[in-house]
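Below is one structure, written out as structure tokens; comments come after it.
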Amino acid sequence: MTAVLPDARPDNWVDRFAPASLRPWLKLGRFDRPTGVWLLMLPGWQGIALADAMRGRWPDPALLALFFLGATLMRAAGCAYNDIVDRDLDAKVARTAARPVASGQIGVPAAWMFLIACSLASLLILLSLNVLAVLLGFASLALVAAYPFMKRITWWPQAWLGLTFNWGALLGFAAALGGPTVFQLFASPPDGRASYSYFQLCAPPLLLYASGVFWTLGYDTIYAVQDLEDDALAGVKSSARRLGAAAPRAVFGFYIVSITLGAGAWRLGGLGLASVPFLALFAAILLRQPFALRLDDPGRALALFKSNTLAALALFAAMAAGAWV
């Protein structure tokens, strides 16, 4: 038997259906908590939808599927890395003490092997994309590698998570542009007459990325409310601890900036009015959260955090719908 983690649903599919021997491995990759996969994947979907809408077409389903699989694998690898680095801190926090590495269910060498396997599988997906997407994918590794250490050196690890988790908006936009893959360039190098533009990022995807950074800063501050007492005892820094009673007001401000930047991506991308109802839904879901947040109610904080999946889906729909009037 493995413990049901406090921030996982008691009826999650891992605890209900997975063989006992596999449960620690599935929990190492957070497969019992799919919200993180959605929050990592949906910025990529938004970037794909924005790029395609700017050219008057719907997002490519095959590319969306690749990003879903890649996000699932990279989130699993990232969680394993986080658990390896944070195993001593995790053991001091009630919400994380039962994680497989912190609790000793999985050893550190085995966790590294899990991480490497997930990373190699996701690398194969990345290499199927164009050169700009591959370059952006490798650039993201610096953000991923540094993230677990941020809670030790800054009160704003949530901001770093925003930079990391929303990188997919840039990568998705780049991938949707098309162009040669690494393998195609090696098989048929440019002859001097062909022109490949690898740096086609422009204002709309950059605004979308910035919107995602402030969105994550808001929702992860809400998530950190669950650990206020334990983080203080363990010496872990977070925006929720730094802001204290001002956290709800700060989250409201973060979300206002996120909504404004998201609307800017829509406007500068020249998208249609069909986006507006979905942008309004995105704003409504976000702006409800700070008013409902209570610093002494971890359960409510978790529920508000999870509602961000719907918010991200609304922004994806806004970007996709923008291909039409």
Side-chain angles (χ1 to χ4, degrees), residues 35-36 38-59 64 67 71 136 140 143 158-177 200-223 239 249-291 304-325:
T35 300
W38 287 102
L39 296 180
L40 179 61
M41 177 197 71
L42 282 166
W45 278 21
Q46 293 162 8
I48 294 168
L50 175 60
D52 283 333
M54 288 172 64
R55 293 181 288 180
R57 66 189 193 189
W58 290 109
L64 295 178
F67 267 67
L136 287 169
S140 71
L143 294 170
Q158 284 69 29
W160 195 270
L161 183 68
L163 295 171
T164 306
F165 251 49
N166 293 283
W167 196 258
L170 302 178
L171 200 154
F173 187 91
L177 296 176
Q200 300 181 61
L201 295 181
C202 50
L206 293 173
L207 288 173
L208 181 63
Y209 173 62
S211 170
V213 172
F214 281 93
W215 167 57
T216 301
L217 182 53
Y219 75 62
D220 205 47
T221 296
I222 292 173
Y223 189 77
S239 56
R249 295 192 299 276
V251 169
F252 179 82
F254 299 149
Y255 282 166
I256 288 291
V257 175
S258 176
I259 293 163
T260 302
L261 291 169
W266 162 74
R267 184 71 178 87
L268 291 184
L271 307 191
L273 293 177
S275 298
V276 173
F278 298 105
L279 287 171
L281 177 60
F282 173 66
I285 295 170
L286 294 194
L287 295 181
R288 169 185 171 271
Q289 295 174 33
F291 293 101
L304 292 171
F305 162 77
K306 289 183 175 180
S307 71
N308 282 281
T309 297
L310 183 57
L313 282 169
L315 187 56
F316 164 67
M319 296 298 110
W324 311 107
V325 177

Q.
Listing request: all side chain to side chain donor-acceptor pair (under 3.5 Å) pairs with a residue in residues 277-288, at least two apart in sequence or in separate chains.
A.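 Of all non-adjacent pairs touching residues 277-288, none passes side chain to side chain donor-acceptor pair (under 3.5 Å).
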Check: [Y] main-chain N/O paired with [X] side-chain donor or acceptor under 3.5 Å:
{"X": "Thr216", "Y": "Val213", "answer": "no"}
{"X": "Trp45", "Y": "Leu64", "answer": "yes"}
{"X": "Asn166", "Y": "Leu163", "answer": "no"}

Pairing residues for [X] by the side chain to side chain contact (heavy atoms under 4.5 Å, CB included) criterion, not counting sequence neighbours:
{"X": "Ala314", "result": "Leu281, Phe282"}
{"X": "Ala159", "result": "Trp156, Leu217"}
{"X": "Ala312", "result": "Leu42, Gln46, Trp215"}
{"X": "Arg57", "result": "Asp52, Arg55"}

Q. Under the side chain to side chain contact (heavy atoms under 4.5 Å, CB included) criterion, do Tyr219 and Phe214 qualify, and how do the steps go?
A. CA-CA 9 Å; Tyr219 75 62; Phe214 281 93; over 6 Å; no
Q. Under 6.0 Å between the ring centres of Phe252 and Phe291?
A.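 Close enough - the centres of the two rings lie under 6.0 Å apart.
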Partners of [X] by side-chain hydrogen bond (donor to acceptor under 3.5 Å, both in side chains), sequence neighbours excluded?
{"X": "Ser258", "answer": "Ser211"}
{"X": "Thr260", "answer": "none"}
{"X": "Trp266", "answer": "none"}

Q.
Going by salt bridge (Lys or Arg N to Asp or Glu O under 4.0 Å), name the residues that satisfy it together with Arg267, two or more places apart in sequence or in a different chain.
A.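 Arg267 satisfies salt bridge (Lys or Arg N to Asp or Glu O under 4.0 Å) with no residue once adjacent residues are dropped.
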Q: Kindly indicate, with the supporting measurements, whether the criterion side chain to side chain contact (heavy atoms under 4.5 Å, CB included) is fulfilled by Ile259 and Leu279.
A: CA-CA 8 Å; Ile259 293 163; Leu279 287 171; over 6 Å; no
Q) Side chains of Gln158 and Ser239: is there a donor and an acceptor less than 3.5 Å apart? A)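 Present: a donor and an acceptor within the cut-off.
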(Q) List the residues meeting ring-ring contact (aromatic ring centres under 6.0 Å, His included) with Phe67, not counting sequence neighbours, and say none if there are none. (A)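 ring-ring contact (aromatic ring centres under 6.0 Å, His included) list for Phe67, sorted by chain: empty.
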Could you pull out all donor-acceptor pairs under 3.5 Å where a side-chain atom in residues 167-175 meets a protein atom, sequence neighbours excluded?
from	atom 1	to	atom 2	distance (Å)
Trp167	NE1	Leu136	O	2.7

